[in-house]
> 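Have a look at this one.
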Amino acid sequence: MDTETLRATARDLVATGKGILAADESSGTIKKRFDSIGVESTQDNRRAYRDLLFTTPGLADHVSGVILFDETIRQDAHDGTPFPQQLVAAGMIPGIKVDTGAKPLAGYPGETITEGLDGLRERLSEYRELGARFAKWRATIFCGADLPTVWAIRANAHAMARYAALCQEAAIVPIVEPEVLMDGDHSIDACQDATQRTLLALYTELTDARVDLPGSLLKVNMVLSGADASARADHHQVAEATVRCLTADVPDDVPGIVFLSGGQSDRDATIHLNEMNTMGPHPWELSFSYGRALQAPALTAWGGDPANVQAAQRALAHRARMNGLARDGAYSEDLESSAA
Ligand code: 13P
């Protein structure tokens with residue numbers, strides 16, 4: 001394993017002012033996104049949409065890397081260049097989602113286990129040939145009465161550690177993504193407790209699996225009130241609870257923590273990230289790996305119409321710039337009106 005190259009790639013993904021674009025929606029998830037704008041989820045439409053995202057002028061100013069789905073890593077940009085090569089030429093690092101999804105956890109109603117370890121060594125080797133330099137594996141953790149259970153947390157943490165070790169063997173930087181979901185009416189304290197227990201288990205398993213932490217990244221939820229909670233924590237409370245949780249449980253030699261947006265509005269995701277960065281310095285970079293919070297305005301602006309490609313690209317470039325500023329605590333809501 002070339003540890004230095006892995007560590008350098010991990011650092012590049014959280015370079016100053018930059019974060020990751022998550023564009024790795026599975027076939028089911030992208031269909032949901034397309035349904036919301038009345039566009040049919042065909043292979044051509046998915047290719048056209050990802051093409052407009054990845055060829056956005058200036059995207060690399062604030063986006064270090066892009067997470068792709070299996071279908072997309074095999075597709076070409078409009079000029080015939082395979083997407084991974086197109087991204088590299090534009091100054092971005094190609095990544096790949098390698099888990100095969102969260103399935104019901106036997107014996108534990110309401111909880112899931114993420115699958116995808118079988119054949120992973122071979123798949124990683126192919127993805128590296130196709131250009132992937134980092135990967136992602138997402139586990140979903142549920143908050144609720146007596147949830148999450150110790151077993152669901154341990155089983156998911158164990159699978160993530162095995163995934164991460166296989167990635168490093170294949171010279172691919174693993175992003176481990178435990179997501180405590182916003183679904184439900186739980187309090188911010190319940191989210192904090194679940195996130196803390198999950199991170200503790202995860203870093204125990206990663207260490208036992210001999211994963212080189214400086215050659216890995218953490219992708220995690222912010223500590224938030226449940227989507228249906230009656231009393232909602234404000235921006236400052238979210239930032240404080242999240243930083244407290246990470247400080248307690250994420251080792252200092254992890255180079256970066258990249259947040260998922262998880263159903264927050266695009267502006268909330270930016271404000272929270274900004275607030276956390278004003279509380280620094282932190283031992284790790286605090287950055288973004290947003291899907292919806294980067295793409296939502298672009299998806300709406302596009303609406304499936306080729307005539308709207310430039311408007312959609314402007315919308316994506318704007319959100320990337322706002323989040324790039326939030327990386328340094330330099331964002332303010334006044335800047336939202338400065339969209340090109
Ligand atoms: P969201 O930012 O839309 O939560 O997506 C990030 C992601 O990659 C979820 O796995």
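Below, all heavy atoms of this structure are taken into account, side chains as well, without hydrogens, waters or symmetry copies. When a ligand or atom number is given, it counts from 1 through the structure's own listing order. Worth saying up front: this structure is predicted, and the values here are computed from it rather than measured. In what follows, residues are counted from 1 in the order of the sequence shown.
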> Hey, can you tell me if His272 and His235 have their rings parallel, tilted or perpendicular (30° and 60° cut-offs)?
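Taking His235 first and then His272, their aromatic rings stand perpendicular (interplane angle over 60°).
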> For atom 5 (O) of ligand 1, what is the nearest protein heavy atom, given as residue, atom name and distance?
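Answer, as residue, atom name and distance: Gly291 N, 3.5 Å.
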> Is a side-chain N or O of Tyr163 found less than 3.5 angstrom from the main chain of Lys136, in a donor-acceptor match?
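Confirmed, Tyr163 side chain pairs with Lys136 backbone.
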> Among Arg292, Lys136, Glu179, whose heavy atom sits nearest atom 10 (O) of ligand 1?
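Result: the heavy atom closest to atom 10 (O) of ligand 1 is in Lys136.
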> For atom 9 (C) of ligand 1, what is the closest protein heavy atom, and at what distance to 0.1 Å?
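For this ligand atom, the closest protein heavy atom is Glu177 OE2, 3.3 Å.
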> Mind checking whether Lys219 has a heavy atom under 4.0 Å from ligand 1?
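Under 4.0 Å: yes for Lys219.
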> Calculate, to the nearest 0.5 Å, the distance between atoms CD and OG1 belonging to Glu275 and Thr242 respectively.
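The CD atom of Glu275 sits 10.5 Å away from the OG1 atom of Thr242.
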> Would you check if the side chain of Arg292 reaches a backbone N or O of Gln264 as a donor-acceptor pair within less than 3.5 Å?
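No.
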> For Ala22, which part has a heavy atom under 4.0 Å from ligand 1: side chain, backbone, both, or neither?
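Under 4.0 Å from ligand 1, Ala22 contributes side-chain atoms alone.
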> Report the residue from His78, Gln86, Arg46 that forms a side chain to side chain donor-acceptor pair (under 3.5 Å) with Asp51.
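The option that passes is His78.
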> If you measure from CG on Leu59 to CZ on Arg321, what distance do you get to the nearest 0.5 Å?
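It comes to 13.5 Å.
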> If I take atom CG from residue Leu299 and atom CG from residue Leu294, how far apart are they, to the nearest 0.5 angstrom?
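Reported to 0.5 Å precision, the distance equals 12.5 Å.
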> Show the atoms of ligand 1 that are less than 4.0 angstrom away from any heavy atom in Tyr290.
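Numbered from 1, ligand 1 contributes 2 (O).
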> Distance under 4.0 Å to a non-hydrogen atom of Arg138: what atoms of ligand 1 satisfy this?
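Taking each heavy atom of Arg138 in turn, ligand 1 has 9 (C), 10 (O) under 4.0 Å.
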> In the protein, what heavy atom is nearest to atom 2 (O) of ligand 1, and what distance, to one decimal place, separates them?
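Protein heavy atom at minimum distance: Ser261 OG, 2.4 Å.
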> So is Gly262 touching ligand 1 or not, going by heavy atoms under 4.0 Å?
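The answer is yes, since Gly262 has a heavy atom less than 4.0 Å from ligand 1.
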